[in-house]
Amino acid sequence: VTDKDQTKALPLPPPQARLAVPFLDIDEIIGDRDTKIIICCGSGGVGKTTTSAAIALRAAEAGRKVVVLTIDPARRLAQSLGVGELDNTPRPVPVIDTTAGGSLDAMMLDMKGTFDDVVIAHSTPDKAEAILQNQFYAALSSEFSGTQEYMAMEKLGQLHSEAEAHGTWDLIVVDTPPARSALDFLDAPEHLSSLLDGRFLRLLMPPARGPLRLMSAGFSMMSAVITKILGAQIINDVKTFVRAFEALFGGFRQRATATLELLSSRHSTFLVVATPQHDALREAAYFVDRLTEEAMPISGMVINRVHTSALALSPERALAVAEDLTSSSAALEVEALRRHANLMRLITTESRQIERFASARPTVSQTLVQSLPTDVTDVAALRRVGVLLADKD
Amino acid sequence: VTPRHTWHIVSGKGGTGKTTIAGALACALATSGRRVLLCEVEGRQGIAQLFDISPLTGAEERRISRTPAGGAVYGLAIDAEDALMEYLDTFYHLSLAGKALDRFGAIDFATSIAPGLRDVLLTGKVYEAVRRKIKNRPNAYDAVVLDAPPTGRIAQFLNVHAAVAGLAKVGPIRNQADSIMRLLRSAATTVHLVTLLEDMPVTETEEAIAALRPTQIRIGTVIENMVTPTPLGQDQLQAAAAGSVILKVPGLSVKQNRALASEFAIEAGRTLQEQQRHERLTALGLPLVQIAFDHGGIDEGSIFAIAEQLTDQMSLEAA
């Protein structure tokens with residue numbers, strides 16, 4: 001039995017789940033050699049990692065040379081791809097079909113490792129050493145969340161340069177952190193610029209030159225306030241860090257700007273992943289609107305875990321029949337009917353949610369992926385998800 | 001009865017319904033005459049959506065629900081920038097300096113460039129609400145429920161003040177950080193982890209418990225959400241899952257009965273898997289609470305229904 005057959009054996013979505021919105025054709029996206037980066041975003045728990053991995057696998061088996069980057073801290077992709085521990089190095093996924101000439105590498109972002117590499121690569125050994133030893137840097141690069149988004153962009157930039165230079169890959173699939181902060185990279189260049197140009201950092205430095213010198217009364221006041229609040233020792237750490245790091249900021253900004261340009265080009269595309277629940281679709285709406293606002297290229301929506309039934313029996317009728325089955329030997333029948341009634345009510349709730357979303361954003365194309373009976377934990381299951389993703393029915 | 005906990009922290013993997021559970025827990029804790037504050041920190045306006053009210057903005061603590069038991073639930077959406085301004089004003093009477101800092105880009109720096117500071121400010125604000133005193137009452141709120149960041153980040157989020165304490169050896173920041181960690185580690189604080197009976201949420205729950213252990217913050221309960229109870233035994237479920245039962249529902253055709261049986265096979269298989277995951281969670285040795293799946297979606301009525309299930313199973317201190 002092939003995977004395709006197994007998929008076909010599963011029941012099709014009922015008519016109410018099918019919509020008049022455009023269909024999101026995954027095969028068209030991965031078949032287009034001009035597509036070089038696919039970014040999957042969405043709220044937590046909607047199957048982003050699975051979707052990214054399934055798309056990467058499908059693309060690889062269709063002949064693309066793919067690397068999939070996950071920046072989610074949970075080691076889920078590793079489980080799905082059976083490559084054990086993922087780290088900052090892309091590792092080949094061995095059990096795939098390479099007859100079409102493709103390949104698949106997988107990696108997980110190591111936030112601190114990426115940050116350290118940047119520091120080492122872009123400063124003198126002395127300065128690098130000073131930065132790596134600094135307490136403020138240690139906290140910034142490992143204990144503080146949110147550095148993740150910047151490092152993901154650094155890593156994406158690195159992978160892209162490597163792909164361009166050596167032809168290692170022709171498609172990068174990116175999984176994003178499960179929060180709105182996934183889109184923080186859109187603001188990264190601006191934030192880094194404001195940090196670089198920002199007067200705040202200058203506040204920490206002696207105003208040797210420039211207009212700030214004229215404000216030195218105000219400056220001393222501010223400096224005193226900051227010291228009072230943060231404590232003198234933390235300020236010293238920050239000062240040392242900033243002094244050593246100043247030269248690096250420019251590079252960060254430049255690369256973040258370049259990556260952002262790459263992401264808004266025709267070589268990139270965003271997929272917004274959701275499930276047919278109110279919360280997940282509300283977050284999806286935020287992602288769609290934010291990306292549209294920033295004129296980023298969106299291909300459409302993947303809606304995972306859509307429930308289906310092959311039995312056209314209304315929940316009311318199923319429950320009525322179950323109620324009439326009083327004999328104790330019919331326990332299985334009663335439970336089966338009760339479960340069917342629940343399922344039909346769930347399907348109605350989900351269809352209503354999907355329809356609401358579609359009526360508010362009718363131009364956003366969609367592909368629905370039905371709920372799977374078991375967890376996706378191996379390559380064969382990922383392949384089936386790929387089939388469902390690409391399937392119009 | 002003296003309340004055992006005043007600070008309830010609710011976390012869970014994305015999609016497990018942690019916001020719904022946090023809202024229901026706040027309602028369950030708001031028994032007769034009690035005031036409970038429900039906080040969110042992720043800027044999603046999850047509380048407003050859940051209770052179907054207009055967005056909560058600024059430092060506003062608005063009453064969002066009167067519970068059937070006669071208590072009141074207040075809502076607060078904490079914003080890091082507001083929290084910093086308030087912090088400067090309260091502790092240093094520096095509201096003007098705060099505005100100046102804002103003009104200098106310091107607040108943007110504090111909350112965006114070094115995002116860990118955001119967590120510092122957010123937890124600091126919740127701490128303030130937990131400790132706040134008002135006239136004639138021991139506390140402004142009898143309990144505070146925090147809809148916290150997801151399990152993947154919860155230990156880092158709650159332990160941020162320990163990281164701060166490592167950075168700032170002396171000074172007011174250090175004192176504040178120490179006080180917050182003391183409260184977090186005290187018996188007044190408890191963490192509830194919401195999970196589904198699916199593999200990944202259960203794995204993340206196990207990971208979160210392991211990550212929280214070194215922080216010395218107590219875990220109260222693991223809440224199994226969206227559970228479908230069944231009257232059937234293992235043997236019956238196994239037979240159904242294997243597809244070896246023939247259903248004979250009168251009034252349905254043979255074909256329909258077969259379709260029902262294959263649909264039920266998937267359902268029974270899922271239930272068996274859920275039972276295995278329940279075993280995994282049982283092995284953690286923490287109190288477990290089960291919340292039934294609501295197939296019709298969540299509204300204010302269903303929040304109270306969930307609150308009732310929590311009250312029945314959690315022996316809440318307010319009872």
Side-chain angles (χ1 to χ4, degrees), chain A residues 11 43-46 72-74 76 135-136 139-140 143-147 178-180 187 191 194-195 198-201 203 222 225-226 228-234 237 275 278-280 282-283 309-311 313 321 325 331-333 335-337 339-340 342-343 345-346 349 373-375 377, chain B residues 13-16 19 42-44 49 92 94 97 100-101 104-106 108-109 112-116 118-119 150 152-153 156 163 167-174 198-200 204 207 228 230-232 236 240 245 247-249 251 256 259-261 263-264 266-267 269-270 273 295-298:
Chain A
S43 56
V46 295
D72 198 25
R76 298 178 215 151
Q135 285 214 39
F136 183 76
L140 184 71
E143 288 173 81
F144 288 170
S145 58
T147 310
R180 287 188 170 190
D187 305 318
H191 276 155
S194 75
L195 176 63
R199 285 170 292 179
F200 176 63
L201 285 180
L203 276 182
M222 293 304 303
V225 165
I226 291 168
K228 183 175 175 195
I229 296 164
L230 296 175
Q233 173 258 334
I234 190 169
D237 272 350
T275 54
H278 180 70
D279 286 4
R282 182 160 46 83
E283 287 302 291
S309 172
L311 179 62
L313 177 68
V321 174
L325 286 169
L332 282 172
E333 276 83 358
E335 182 66 357
L337 286 164
R339 290 293 186 101
H340 175 73
N342 281 345
L343 180 61
R345 281 167 56 205
L346 182 61
T349 312
T374 53
D375 291 320
T377 49
Chain B
K13 183 183 183 307
T16 56
T19 301
E42 293 179 289
R44 289 187 295 120
Q49 291 281 340
Y92 304 100
L94 286 175
L101 280 173
F104 273 96
D108 186 45
F109 172 85
S112 301
I113 305 299
R118 183 178 288 272
D119 292 351
R153 215 167 86 64
Q156 188 187 42
L167 277 178
K169 302 280 187 288
V170 288
I173 284 267
R174 172 62 190 252
E198 289 173 12
D199 182 54
M200 283 178 186
E204 283 202 17
E207 287 170 357
T228 310
T230 179
L232 300 181
Q236 286 170 305
V245 300
L247 296 178
K248 287 179 188 141
V249 176
Q256 284 177 312
L260 183 63
E263 188 178 289
F264 187 48
I266 293 172
E267 292 277 326
R270 192 174 286 142
Q273 285 191 329
H295 295 85
I298 296 293

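All of these numbers come straight from a predicted model, not from anything done at the bench. A, B, ... follow the sequence lines: proteins, then strands. Residue 1 opens every chain.
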Notebook entry, point to check: Is chain B contacted by the side chain of Leu332(A), its backbone, both, or neither, given a heavy-atom distance below 4.5 Å?
Noted result: both
Next item on the list: Answer with side chain, backbone, both or neither: which region of Ala336(A) has an atom nearer than 4.5 Å to a non-hydrogen atom of chain B?
Entry: both
Check: For His340(A), is it the side chain, the backbone, both, or neither that has a heavy atom closer than 4.5 Å to a heavy atom of chain B?
Finding: both
Check: What part of Val321(A) gets closer than 4.5 Å to chain B, counting heavy atoms only: side chain, backbone, both or neither?
Finding: side chain
Checklist line | Part of Glu263(B) within contact of chain A (heavy atom distance under 4.5 Å) | finding: side chain
Check: Any idea which of Leu325(A), Leu346(A), Leu337(A), Asn342(A) has the most non-hydrogen atom pairs under 4.5 angstrom with chain B?
Finding: Asn342(A)
Margin query: Nearest 0.5 angstrom please: Gln236(B) CD to Glu335(A) CD, how far?
Written below: 9.0 Å
Notebook entry, point to check: Can you tell which of Thr228(B), Thr16(B), Val245(B) has the highest number of heavy-atom pairs within less than 4.5 Å of chain A?
Noted result: Thr228(B)
Margin query: Treating Arg282(A) as the side-chain partner and Arg44(B) as the backbone partner, does any N or O pair qualify as donor plus acceptor under 3.5 Å?
Written below: yes
Check: Checking Glu333(A) side chain against Lys248(B) main chain: does a donor-acceptor pair fall under 3.5 Å?
Finding: yes
Margin query: Return the CD to CG distance between Gln256(B) and Leu313(A), rounded to the nearest 0.5 Å.
Written below: 6.5 Å
Next item on the list: Can you sort out the partners of Thr275(A) under side-chain hydrogen bond (donor to acceptor under 3.5 Å, both in side chains), two or more places apart, ordered by chain and number?
Entry: Gln277(A)
Checklist line | Partners passing side-chain hydrogen bond (donor to acceptor under 3.5 Å, both in side chains) against Glu198(B) (at least two apart in sequence or in another chain) | finding: none
Check: For Leu232(B) and Ala331(A), which heavy atoms make the closest approach, and how far apart are they?
Finding: CD2-O, 4.2 Å
